[in-house]
Amino acid sequence: MEYRCEVDLEELCPVCGDKVSGYHYGLLTCESCKGFFKRTVQNNKKYICAENQDCKIDKTHRKRCPSCRFQKCLIVGMRLEAVRADRMRGGRNKFGPMYKRDRALKQQKRALMRANGFKTEAAASLVSSNQTDSAFTGSFPGLYPVPIIQTTLRQYTSSNPAIKSEHTDIHMSSQASVLGDHAYSEELQEETFSPQVPRMPQLVMEFLRCDPDELQMQRNIAAHLQREQSSWEKQGKPTAFSFMCRMADQMLFSIVEWARRCIFFKELKVSDQMKLLHNCWSELLVLDILFRQVQHGKRSSVLLVTGQEVELSAVASYADPTLAHLVQRGQELLEKLHGLQVDRQEVVCIKFLILFNPDVKPLESQPFVESVQEQVQGALLEYTLCTYPQYLDRFGHLLLCLSELRSLSTLAEDYLCCKHLSGEVPCNNLLIEMLHAKLACM
DNA sequence: TTAGCCTTGAGA
DNA sequence: TCTCAAGGCTAA
């Protein structure tokens, strides 16, 4: 088949990396994976992997394990329902508008990259820059036989019948169907928004739905800290730093709570969930703190998650040089976020970009995480182009802010580690467990 | 069984 | 009429 679209020709098949020949069953794939997917579904084939269901699938190995190849087809988003039960030839199906939209988005992306002199692409690579140097590789021995985070994640997984360790029915519960339905369904969109309102990608709407209610979180954390206060006072008056650590600990619990209820994340096995959270907890924490300040809007004070305001001058009075430097870097990044007037939709997308870091390795669902990362980038780009069409480089600026956020959170982790080693961080909490993830890599 | 090429036909 | 994503065919 001949293809005129320059964008398509440069794409590689997400299943095996071969050249794509067009849109097949939901996405751009090569001719062989198209045929393989069609044969498998039409003939209702069942494959069994002779290895550990993690066989490498590329152009040279794709014939070795049809089981893993088919799993990969599903994970990257090939749609079972696009294979016709009646085997009717020719014509078009309901995916037509989806392909059209995808093409338009790719062309917009390409135009944007050209306009920015490929700045966007460079920034995009920063999003997936290697973060494994701070990744956690195992639980901290001695202190927590079962890490707090693992217990927290397991509690939810075991109580949620929707979460399965295996895809018992590929037609009903595949990760692919979750991906596809949320990435492309437009019914809700059309019902919710009038034609005058800029289009909001379905994924962004879904992310907003997952986002916790700020007021509720404020009440919960404030109530928890209040309850704990009496026990702290028995051990002597807590320092301001100790109070901040306990507050950060509660924020971390909220972050884990948010993650485990999130679309995509709840599809992962607990081991993968832990690895992803261990990698990004500090980034999510710093983003949460900074975006609260964006909404707060006052330069002279810091708004805490409990609703309390702390004057920056008061922070400066007890800050050591390292903390003062951290605060200054935070202020600089905050100024950039203020300048962009970053909105909640963009922040929820950034949270997903942080959480689904494909550079965290090894993951059992690596292709799935990569696919989510790409989809979130696409949704954020589409949102910025539709909502702020006058700022074509907004997407790139957001990614640069994310890169700075990562650098800042690494500094914050280092600072906390030093404080912990000098015995100034309260023990027996989630924050300590996350900190040990950092120490385990040093 | 695979994968490249061919045929078909609804929608733009 | 053209496009292009379905299914079909067939040599390897």
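Every chain is numbered from 1, with letters handed out A, B, ... down the list of sequences.
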Report summary line: A:Lys63 has its side chain closest, among B:dT8, B:dA3, B:dT1, to B:dA3
Report task. Go through the N and O atoms of the side chain of A:Lys38 and the base of C:dG8, and report whether any donor-acceptor pair is under 3.5 Å. Result -> yes
Requested in this report: Ignoring backbone atoms, test whether A:Tyr25 places a side-chain nitrogen or oxygen under 4.0 Å from the OP1 or OP2 oxygen of C:dC4.
Outcome: no
Query raised in the report: In whole angstroms, how far is the P atom of C:dA6 from the OH atom of A:Tyr23?
Result: 12 Å
Requested in this report: Determine whether any donor atom in the side chain of A:Lys34 lies under 3.5 Å from an acceptor atom in the base of C:dG7, or the reverse, and answer yes or no.
Outcome: yes
Report task. Looking at every strand, decide which applies to A:Arg62 at a 4.0 Å heavy-atom threshold: base, sugar-phosphate, or nothing. Result -> sugar-phosphate
Query - A:Arg79 charged N/C atom sitting above A:Tyr25 aromatic ring, 6.0 Å / 45° - result: no
Query raised in the report: Under 4.0 Å between a side-chain N/O of A:Lys45 and OP1 or OP2 of B:dT1, yes or no?
Result: yes
Query raised in the report: If you take atom types as modelled and just measure distance, does the side chain of A:Arg84 reach the base of C:dA5 with a donor-acceptor pair under 3.5 Å?
Result: no
Query raised in the report: Between the main-chain N or O of A:Phe36 and the side-chain N or O of A:Thr40, is there a donor-acceptor pair closer than 3.5 Å?
Result: yes
Report task. Could you check if a side-chain atom of A:Leu353 sits within less than 4.5 angstrom of a side-chain atom of A:Gln377, using non-hydrogen atoms only? Result -> yes
Query raised in the report: Under 4.0 Å: is that the gap between some side-chain N or O of A:Gln42 and OP1 or OP2 of C:dG8?
Result: yes
Query raised in the report: Taking atom P of C:dC9 as reference, at what distance in whole Å does atom CD of A:Glu31 sit?
Result: 16 Å
Query raised in the report: Roughly, in whole Å, what's the span from CZ in A:Arg103 to P in C:dT3?
Result: 12 Å
Query raised in the report: Who passes side-chain hydrogen bond (donor to acceptor under 3.5 Å, both in side chains) against A:Ser282, sequence neighbours left out?
Result: A:Glu413
Query raised in the report: A:Arg92 near the nucleic acid: base, sugar-phosphate alone, or nothing, with a heavy-atom cut-off under 4.0 Å?
Result: base
Report task. Write down the distance between CZ (A:Phe36) and C1' (B:dT2), rounded to a whole number of angstrom. Result -> 10 Å
Report summary line: Taken to the nearest whole Å, CG/A:Asp86 to P/C:dG8 is 10 Å
Report task. May I have the distance from A:Arg87 (atom CZ) to C:dA5 (atom C1'), rounded to whole angstrom? Result -> 17 Å
Requested in this report: Take the protein atom CG of A:Leu28 and the nucleotide atom C1' of C:dA5, then report the distance between them rounded to whole Å.
Outcome: 12 Å
Requested in this report: Please state how far atom CE in A:Met88 lies from atom C1' in C:dA5, giving the value in whole angstrom units.
Outcome: 11 Å
Report summary line: Output for pair (A:Cys13 SG, A:Lys72 NZ), nearest 0.5 Å, gives 8.0 Å
